[in-house]
Amino acid sequence: MGIDLQLIPKVLDPLPGGKGLTNAVDYIVNWARSSSLWPLVYGTSCCAIEMMATGAARHDISRFGAEVFRASPRQADLIILAGTLTEKMSHHLKTLYEQMPEPKYVIAMGACTISGGPFYYDNYSVIKGADRIVPVDVFIPGCPPRPEALLHGILELQKLISGETIRQPRVPRPLNDDPMIDRHSADAAAWKEEDKKIQEELAGKREQWAAENPDFKAYKGERFKNVSGPKMGHTPVERSCTSVADICAAVHDKFPDIPLYNKAEITDEELAELSPQYIPDFVVGQEQYTAFISFLKNHADLNMDLLLQVTAVDWKDHFDVLVHLYSTTGKHKIFVRCSVDYSKENDTPEIDTISHLFSGANWHEREIFDLFGITFTNHPDMRRILLRDDFVGHPLRKDFEDSSRIVKRPY
Amino acid sequence: MDLVQTEIPEGFTRSAGGGHTEEYYLNMGPQHPSTHGVLRLMVRLDGETVKEIVPHIGYIHRSIEKMAESQSLIQNIHLTDRLDYLSCHMTNLGLCLAIEQGADVGVPERAEYIRIIVCELQRIQSHLLWWGCFAMDLGALTAFLYGFDEREKITDLFEELCGARLTMNYFRPGGCVSDLPNEFIPRILKICEHMKTTLDEYDNLVSKNMIIRERTQGVGILSKERALSHGCTGPVARASGINYDVRKDEPYGIYNRFDFDVPLGATGDCYDRYTVRIEEMRQSIRILEQACKDLPDGDFRSKEKPNYKIPKDEHSFSSVETARGNFSTYVVSDGGKTPYRIKYRSPNFSHIGAINDMASGYKLADLVTVLATLDPVIPDIDR
């Protein structure tokens, strides 16, 4: 802008009636700025959908002049933090905030950006409040907030802007950048003190009121009656697929010593009676693991061509690596389970990869490496996938502890 | 600044150099309008041609699976809303089915029908949003407004049903939270009638549009073999010719009672993925009409239990077909109040893993088209 707005009060204010003129300039400038907010297209999760809904035909954010969603932070003066902020994303948010030109405003949309919301307890990756990273002007509660609430937030921001004056330009606010800071405990203690004072003040009045109204009985409320339906058991849907007995026969033809999980002693008669809902769960040793998966994939009748997932379970003394396979031709599923030894002394559990058999296994194995710390040998690209490279520990292990990040659920 | 990178960024198979022009790396995301959230793609380019893509995920990893281990099964239902928030009724259903199977809980007839009606409504709702965003990614803003206009009508119904517009939390083991509101079925049928004409309108607006066709036909081809190898499911797999729909092949609930077709694509390009989704909306309308016709009276929930427990050392596994594909819930129990481990299998995880196969060899602008037709929901990938 060619005119330096800050010169206006310096020139006008000493003149007779000049203060009124400065106020008029203030009013016009603020009106123009508050009615043409340019938000940044920034949305991480669920709230972003409500932000899109606010921009769409029904709610129409352009009634308030904020419809020009910009893809570049350099063109935006408002960032609506729509959705949860995680530790990995917070570094990028800092960059975005710093790239925006002054004066810039921040609306924190949704419970996650206020305090972590539903992700407050037992969580190792979510930043518990976006104001720990960037300074926030308006908070909008809700999970997610309705579009009307977002519009209300924008109106509140407009009020805030219209209170500004060119006599005292807005001071650029630095990043807070303290993801571990505890902003709630001090406030909560202060509220508790306040409440205690109020209760003490009220105690006398209450006694007095009770003496004046001896017949009064407090309303205790009614419990909602539980809606109860019929008592019934689960009835599985009939479906046609290869029977468990056939699958076991085909498998035991080649690998006779591979048992079913929890059903090692099962007889052939019992096997024939299992419903098609039962998914055969084979337990293999590490030495047979890849050979067995390869056999299942290439067997003409079984034809397990679709890899649903690879995952792991921590049983404290060992890990189970689970492979879930599905056949698009036979419509049946097979689970494979392989035990991986683990102890405190030997902290590097290892197992062979199956990513050469299924390309999809590549990412699933990286996820297990990230969250459980199981290394897959011969894997083409073994590095963390969900967490940052400098994250210490493997969070889905049962012995994972990180008191700096995790707030334990108190109930 | 030295533009030629000598170091290979992590994940790439070979360094830049050796193309027609000098190859270079480009970063896309995690803050990018067409990555539908916070997905980050590193791309190796030769001029404008994509040579290799390395996706980086985890920017919205919210440790839902860790949180699940300290809450009871029923307390976990609201967290599944936040996985795939565009088909949250279906993800709710996935966990409820796993609990019902493990804890032996039955579902009354009416509740089964309510579930089907609500899920199919949500499939249409999700695809409408995808349709709007797909066209917007390709540069047509009008479709976004059209799609959201129809979507709001279904959102109104959901709001009346469970009080929420996005995170529904409506299903419970054994049925639903509440019965359908009054005059709900006639309104659904009205929306079905309306949607039929609307879909024809959409065809005229976008499907038959020459520019859209030029940009999608023959672009982003995913072969059947590669789709299978990557574990693709849902519309992405069906566009590549894999006849796999959980509703048809492993019917859950009462899906085996309804008459509907599974649309399949021939080539597996972007246009196939587009038409498969449009056709799915038509099939959902068919299911809705049948379900609304047959909806019986009765209970909407079987008898509640104070806590749902899966017996010790047992696991239960359920698959549902969300708007994006096979969403599986795997619950492992040690007999305690809380689940020992829950694993959610998200369909998008496999699709994004396959993006290198789909988009390399095409132009950079086609990468945006491919992403738009995958319809990814990033919090579902990262969990």
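Throughout, protein chains are lettered first and strands after them, A, B, ... in sequence-line order, and every chain is numbered starting at 1.
- Between the side chains of Thr329(B) and Arg345(B), no donor N or O sits under 3.5 Å from an acceptor N or O.
- With a threshold of 4.5 angstrom between heavy atoms, Thr233(B) approaches chain A through side-chain atoms but not through N, CA, C or O.
- At a 4.5 Å heavy-atom cutoff, Leu141(B) makes no contact with chain A through either its backbone or its side chain.
- Neither the backbone nor the side chain of Ile378(B) comes within less than 4.5 Å of any heavy atom in chain A.
- Across all their heavy atoms, Pro339(B) and Asn76(B) have their closest contact at CG-ND2, 3.9 Å.
- The aromatic ring centres of Tyr330(B) and His315(B) sit less than 6.0 Å apart.
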Review point. Could you walk me through whether Ile49(A) and Arg151(B) pass the side chain to side chain contact (heavy atoms under 4.5 Å, CB included) check?
Key: CA-CA 12 Å; Ile49(A) 302 294; Arg151(B) 186 182 178 270; 3.5 Å; yes

Practice item. Assess whether side chain to side chain contact (heavy atoms under 4.5 Å, CB included) is satisfied between Lys343(B) and Glu367(A), documenting all intermediate values. Key: CA-CA 12 Å; Lys343(B) 171 80 169 74; Glu367(A) 189 190 314; 4.0 Å; yes

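- Contacts with chain B were tallied for Leu357(A), Leu96(A), Ile279(A); Leu96(A) has the most, counting heavy-atom pairs under 4.5 Å.
- With a 4.5 Å cut-off on non-hydrogen atoms, Tyr59(B) touches chain A through its backbone and its side chain both.
- Contacts between Asn326(B) and chain A at a heavy-atom distance below 4.5 Å involve the side chain alone, from C-beta outward.
- Heavy atoms closer than 4.5 Å to chain A are found in the backbone of Cys232(B), but not in its side chain.
- At a 4.5 Å heavy-atom cutoff, the contact between Pro55(B) and chain A is made by backbone and side-chain atoms alike.
- With a 4.5 angstrom heavy-atom cutoff, Leu387(A) touches chain B only via side-chain atoms.
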Check your understanding: For Tyr42(A) and Met51(A), what are the C-alpha separation, side-chain angles and deciding distance, and is it a side chain to side chain contact (heavy atoms under 4.5 Å, CB included)?
Key -> CA-CA 10 Å; Tyr42(A) 171 91; Met51(A) 193 172 79; 5.8 Å; no

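- Note on Arg383(A), His59(A), Lys297(A): by heavy-atom pairs under 4.5 Å with chain B, the leading option is Arg383(A).
- In terms of heavy-atom pairs under 4.5 Å with chain B, the best-connected choice from Leu307(A), Asp305(A), Thr328(A), Leu371(A) is Asp305(A).
- Only the side chain of Ser319(B) comes within contact range of chain A, with at least one heavy atom under 4.5 Å from a heavy atom of that chain.
- Within the 4.5 angstrom heavy-atom criterion, atoms from both the backbone and the side chain of Asp382(B) approach chain A.
- Ring-plane geometry between Phe317(B) and Phe335(A) is classed as perpendicular, the angle between the planes exceeding 60 degrees on a 0 to 90 degree scale with a lower cut at 30.
- The distance between the ring centers of His61(B) and Tyr124(A) falls below 6.0 angstrom.
- For the pair Tyr326(A)/Asp249(B), a side-chain contact is recorded, criterion being any heavy-atom separation below 4.5 Å from C-beta on.
- No part of Ile254(B) comes within reach of chain A, as not one of its non-hydrogen atoms sits under 4.5 angstrom from that chain.
- Looking at Asp389(A), only its side chain comes within 4.5 Å of chain B, counting heavy atoms on both sides.
- Among the candidates Ala56(A), Pro230(A), Gly43(A), the residue making the largest number of heavy-atom pairs closer than 4.5 Å to chain B is Pro230(A).
- Considering only heavy-atom pairs separated by less than 4.5 Å from chain B, the leading option among Lys231(A), His92(A), Glu87(A) is His92(A).
- Contact annotation for Pro395(A): only backbone heavy atoms (N, CA, C, O) come within less than 4.5 Å of a heavy atom of chain B.
- By the 4.0 Å N-to-carboxylate-O rule, Asp314(A) lies too far from Lys398(A) to be salt-bridged with it.
- A donor-acceptor contact under 3.5 angstrom links the side chains of Asp84(B) and Ser87(B), judged on distance only.
- Interface remark: Val107(B) contributes backbone atoms only to the contact with chain A (heavy atom separation under 4.5 Å).
- Side chain of Thr44(A) to backbone of Ala82(A): a donor-acceptor contact under 3.5 angstrom is found.
- Heavy atoms from other residues, nucleotides or ligands lying under 6.0 Å from OH of Tyr97(A) number more than 12.
- With a threshold of 4.5 angstrom between heavy atoms, Arg397(A) approaches chain B through N, CA, C or O but not through any side-chain atom.
- With a 4.5 Å cut-off on non-hydrogen atoms, Lys333(A) touches chain B through its side chain but not through its backbone.
- Contact annotation for Asn243(B): only backbone heavy atoms (N, CA, C, O) come within less than 4.5 Å of a heavy atom of chain A.
- Between Tyr252(B) and Tyr255(B), the ring planes are perpendicular. Angles over 60° get that label, and only those under 30° would be called parallel.
- Residue Val246(B) does not touch chain A at all, counting heavy-atom pairs closer than 4.5 Å.
- Contacts of Gln101(B) with chain A are made by both backbone and side-chain atoms, with heavy-atom separations under 4.5 Å.
- Contact tally against chain B (heavy-atom pairs below 4.5 Å) for Cys46(A), Ala57(A), Ser125(A), Ala48(A): the top residue is Cys46(A).
- Using bins of under 30°, 30° to 60° and over 60° for the plane-to-plane angle, the ring pair His364(A)/Phe349(B) lands in the tilted bin.
- Note on Leu129(B), Leu145(B), Asp104(B), Asp380(B): by heavy-atom pairs under 4.5 Å with chain A, the leading option is Asp104(B).
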